[in-house]
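This is a predicted model, so every value here is computed, not measured.
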Amino acid sequence: MALGYFATWNMRNLLIRIVASAVLGGIIGLDRGMKHRGAGTKTITVVCLGATLVMLTEQYIQAYLPGLANMNRMAAQVISGVGFIGVGTIIISRHRVRGLTTAATLWASACVGLAVGIGFVEGGALITAMMLLSLHVLPYVERFAARHSRYCNVFVDLEESRDLHGVIHNLKEAGIVIDSMDLSESKEAGEGVSVHMVLYVKKAVGREEIYDIFMKSDKVVAVDFL
C-alpha cells in the first residue's frame, strides 16, 4: 500500500479512515458548493461519513460477532439507498434536466466513503482526484465538441400540429436535415405541440441562423436550443 495498510481493526486506523472520509467528502462538497449546486459541502461530507460508518460497522460485527457479518449486504443498501437522495437534486425545467451531475456526485461520494471505511483509503483518494478532474475538465471538452458538432438539439413550440409542415419545408430549403423528431403537448402554446428535433447541418450554420429559419413561420411560438 502506498499510504500504508489501514484495513487492520485498531483505533489508529479507525481515526485515519474517519478523518480521510471527512476530508475527501469535504473536498468534493466544497467543489460543488462553490458552483452553488444542490448538494454542497455539508451534504456530501455527511453522505461520505455515513457510508464510512456502514463499513466500519460491518467490520466491527465481523471482528466481535463473527458469523453475523455480511460485508456486501449493508454496502449494497448504501449504494442503492443514496439514490433516493440524488433524486431530490434532479430538476426538470422546461426542456432541460438539471442536477444529474450533483446526483451522480452524491452517489460517487457514498462509494468513496465505503472504500475509505473498509480501509481502501488510496482508492478513495484517487477516485476523489479523478472526480474533481472530470468535473473541471470535461465541461471544456464538451463545449469544444459541441462547437464542432454538425448536430443540433432544438425544441420548437407550434400553435397547431399542422403548422409543422411549413417548418420542415423551411429547414429543407436551408439544406438542414432532420435526423429525428418527436412530438408532445406544448406547455407554451396552449393547445399546440412541442417538437423535439435533432438537426444535422451540412455546412457551418450558427444558432442565430437556425433560429431565424424557424421564425420564418408566424406559427412558431418558441424555439429552445439544448
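Taken from CD1 in Ile213 to CD1 in Ile176, the straight-line distance is 3.5 Å, to the nearest 0.5 Å. Atom CD1 of Ile28 and atom CD1 of Ile127 lie 9.5 Å apart (nearest 0.5 Å). Between the CG atom in Leu56 and the CD1 atom in Ile118 there is a gap of 8.0 Å [rounded to 0.5 Å]. Within the model, atoms CZ of Arg32 and CG of Leu135 stand 5.0 Å from one another, a figure rounded to the nearest 0.5 Å. For the atom pair CG (Leu106) and SG (Cys48), the distance works out to 10.5 Å, reported to the nearest 0.5 Å. Annotation: the span from Asp224 atom CG to Asn153 atom CG amounts to 10.5 Å, rounded to 0.5 Å.
The two residues Leu114 and Ala75 come nearest to each other via the heavy atoms CD1-O, 3.9 Å. Annotation for Phe214 and Val223: closest pair CB-CG2, 3.8 Å, computed over non-hydrogen atoms. In terms of heavy-atom proximity, Ser109 sits nearest to Val47 at OG-CG1, 3.8 Å. Closest approach of Glu58 and Met74 over heavy atoms only: OE2-CB, 2.6 Å. The two residues Ser134 and Pro139 have their closest heavy-atom pair at O-CD, 3.6 Å. In plain terms, the two heavy atoms of Ser21 and Gly113 that are nearest each other are OG-CA, 4.4 Å.
Cluster annotation: Leu199 is not connected to Val177 through the hydrophobic network of ILVMFWY side chains, with a link wherever side-chain heavy atoms come within less than 4.5 Å. Taken together through direct or relayed side-chain contacts under 4.5 Å among Ile, Leu, Val, Met, Phe, Trp and Tyr, Leu126 and Leu133 form parts of separate hydrophobic clusters. Taken together through direct or relayed side-chain contacts under 4.5 Å among Ile, Leu, Val, Met, Phe, Trp and Tyr, Trp107 and Met55 form part of one hydrophobic cluster. Linking Ile, Leu, Val, Met, Phe, Trp and Tyr residues whenever their side-chain heavy atoms come within less than 4.5 Å places Val54 and Val112 in a single cluster. Placement of Tyr60 and Ile16 in two distinct hydrophobic clusters is found when ILVMFWY residues are connected by side-chain heavy-atom separations under 4.5 Å, directly or transitively.
Considering only heavy atoms from C-beta on, Asp31 stays 4.5 Å or farther from Ile27 through its side chain. Here the side chains of Arg143 and Tyr140 are in contact, with some heavy-atom distance below 4.5 Å. His196 has its side chain out of reach of Val154: every pair of non-hydrogen atoms, C-beta onward, lies at least 4.5 Å apart. Using a 4.5 Å heavy-atom threshold, the side chains of Leu158 and Val195 count as touching. Counting heavy atoms from C-beta outward, Leu164 and Met181 have side chains that approach closer than 4.5 Å.
Taking a 6.0 Å sphere around CE of Met130, one finds it holds 12 or fewer heavy atoms contributed by other residues, nucleotides or ligands. Heavy-atom contacts from other residues, nucleotides or ligands closer than 6.0 Å to NZ of Lys216 number more than 12. The local environment of CE in Met34 is crowded, with over 12 non-hydrogen atoms from other residues, nucleotides or ligands closer than 6.0 Å.
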Using the side chain to side chain contact (heavy atoms under 4.5 Å, CB included) rule, take Val201 and Ile210 through it: C-alpha gap first, then chi angles, then the decisive distance, then the call.
CA-CA 10 Å; Val201 184; Ile210 297 175; 4.2 Å; yes
Go through the steps for Ile18 and Leu49 under the test side chain to side chain contact (heavy atoms under 4.5 Å, CB included), then give the verdict.
CA-CA 7 Å; Ile18 294 170; Leu49 282 171; 4.2 Å; yes
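With hydrogens and angles disregarded, no donor-acceptor distance shorter than 3.5 Å links the side chain of Asp157 to the backbone of Val221. Without hydrogens or angle criteria, Arg17 side chain to Gly117 main chain gives a donor-acceptor distance under 3.5 Å. At distances below 3.5 Å, at least one donor-acceptor pair connects side-chain atoms of Gln59 with backbone N or O atoms of Ala7. With hydrogens and angles disregarded, no donor-acceptor distance shorter than 3.5 Å links the side chain of Thr45 to the backbone of Lys42.
Between Tyr64 and Trp9, the ring planes lie perpendicular to each other; the angle is over 60°, past the 30° to 60° tilted range.
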